[in-house]
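Report on the structure given below.
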Amino acid sequence: ETGVTQSPTHLIKTRGQQVTLRCSSQSGHNTVSWYQQALGQGPQFIFQYYREEENGRGNFPPRFSGLQFPNYSSELNVNALELDDSALYLCASSFSEGAYEQYFGPGTRLTVT
Amino acid sequence: GESVGLHLPTLSVQEGDNSIINCAYSNSASDYFIWYKQESGKGPQFIIDIRSNMDKRQGQRVTVLLNKTVKHLSLQIAATQPGDSAVYFCAENQETSGSRLTFGEGTQLTVNP
């Protein structure tokens, strides 16, 4: 098990609502990345946060946003939820913004109805 | 866009046999390749990685082979055990993209007792 924790474990939301997912990075890690994993597919990179700023973004619309706090924990916010946002959201931490070795949390399963 | 993909979606082996999981990639600029194991209900777990200037790397019961000529990556698991049953993903990273990983779709490995 990694030291990366995520909350909540499961979440059910209605289309059009907003959601906030949380992540605590592994001790000593200052970089957090978020991934979306649709059922039966590999994780897709959403964005990365380093020193409390977004430091790289994948092909996701602006309604996906994030924050990183001084203690390196992070939030993923999704506005105007769509049915296709239903997925497992994974947080991964690494010890620097350039480190490819990442440690994943267990994920938050989001269901949008 | 360029992506990492897998040849086979499922693989079934007998306990004690060797397993080989394959991956094709298209981004010749990738610097690192990583294999992840994902068990049901968990986040991806780092198994082994290989730098692009290497052909082979061995770990405990696992070996990764990289053939840059045909852009092919494989993961060999020796003496496969029931605990190896999981979905396996290959992922690639470019140093210029920071920690960002690009994942393939995964191979479901089932180990029969």
Side-chain angles (χ1 to χ4, degrees), chain A residues 1-6 9-10 21 23-26 29-51 53-60 68 72 74 87-109, chain B residues 1-10 21 23-27 29-52 54 57 59 64 73 75 83 86-108:
Chain A
E1 297 292 332
T2 70
V4 180
T5 61
Q6 293 185 243
T9 305
H10 296 87
L21 310 181
C23 169
S24 292
S25 60
Q26 183 163 310
H29 288 185
N30 60 18
T31 302
V32 173
S33 298
W34 286 91
Y35 291 80
Q36 180 195 66
Q37 186 176 23
L39 195 62
Q41 297 185 17
Q44 298 290 312
F45 177 77
I46 302 175
F47 44 54
Q48 176 187 104
Y49 275 82
Y50 171 67
R51 290 185 176 178
E53 292 191 0
E54 188 178 294
N55 181 35
R57 188 178 185 93
N59 188 27
F60 281 83
Q68 187 181 31
Y72 306 129
S74 178
L88 180 68
Y89 287 86
L90 295 161
C91 167
S93 73
S94 55
F95 68 85
S96 78
E97 82 278 16
Y100 65 86
E101 186 171 343
Q102 298 183 45
Y103 297 83
F104 284 84
T108 294
R109 172 69 64 186
Chain B
E2 295 185 333
S3 64
V4 179
L6 295 173
H7 291 307
L8 298 172
T10 61
I21 301 172
C23 175
Y25 68 93
S26 57
N27 186 357
S30 298
D31 297 297
Y32 295 96
F33 300 89
I34 308 103
W35 282 100
Y36 279 90
K37 171 186 180 183
Q38 187 173 24
E39 297 175 277
S40 180
K42 297 184 179 181
Q45 176 187 356
F46 178 94
I47 301 173
I48 191 169
D49 62 349
I50 187 168
R51 194 181 173 93
S52 60
M54 300 172 65
R57 191 171 187 207
V64 55
L73 188 71
L75 176 70
V87 178
Y88 289 80
F89 294 96
C90 65
E92 60 94 3
N93 170 266
Q94 280 184 259
E95 288 181 337
T96 55
S97 66
S99 301
R100 176 176 182 166
L101 297 174
T102 300
F103 284 84
E105 292 184 347
T107 293
Q108 172 72 58

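- Across A/Gly58 and B/Arg100, no two heavy atoms sit closer than the pair CA-NH2, 3.9 Å.
- Contacts of B/Gln38 with chain A are made by side-chain atoms alone, with heavy-atom separations under 4.5 Å and no backbone atom involved.
- Within a 6.0 Å sphere centred on CZ of A/Phe95, other residues, nucleotides and ligands contribute 12 heavy atoms or fewer.
- Among A/Ser96, A/Gly107, A/Pro106, the residue with the largest count of heavy-atom pairs under 4.5 Å with chain B is A/Pro106.
- The candidate from B/Gly98, B/Gly41, B/Ser97 with the greatest count of non-hydrogen atom pairs under 4.5 Å with chain A is B/Gly98.
- Listed by chain and number, the residues in a ring pair (Phe, Tyr, Trp, His ring centres under 6.0 Å) with A/Tyr50 amount to none (sequence neighbours excluded).
- Neither the backbone nor the side chain of A/Gln6 comes within contact range of chain B; no heavy atoms are under 4.5 Å apart.
- Residues meeting the side-chain contact (heavy atoms from CB on, under 4.5 Å) test with A/Tyr35, sequence neighbours left out: A/Ser33, A/Pro43, A/Phe45, A/Leu90, A/Ala92, A/Gln102, A/Phe104, B/Leu101, B/Phe103.
- Other residues, nucleotides and ligands contribute more than 12 heavy atoms inside 6.0 Å of the CZ atom of B/Arg51.
- Closest non-hydrogen pair, A/Gln37 versus B/Phe89, comes out as NE2-CZ, 3.4 Å.
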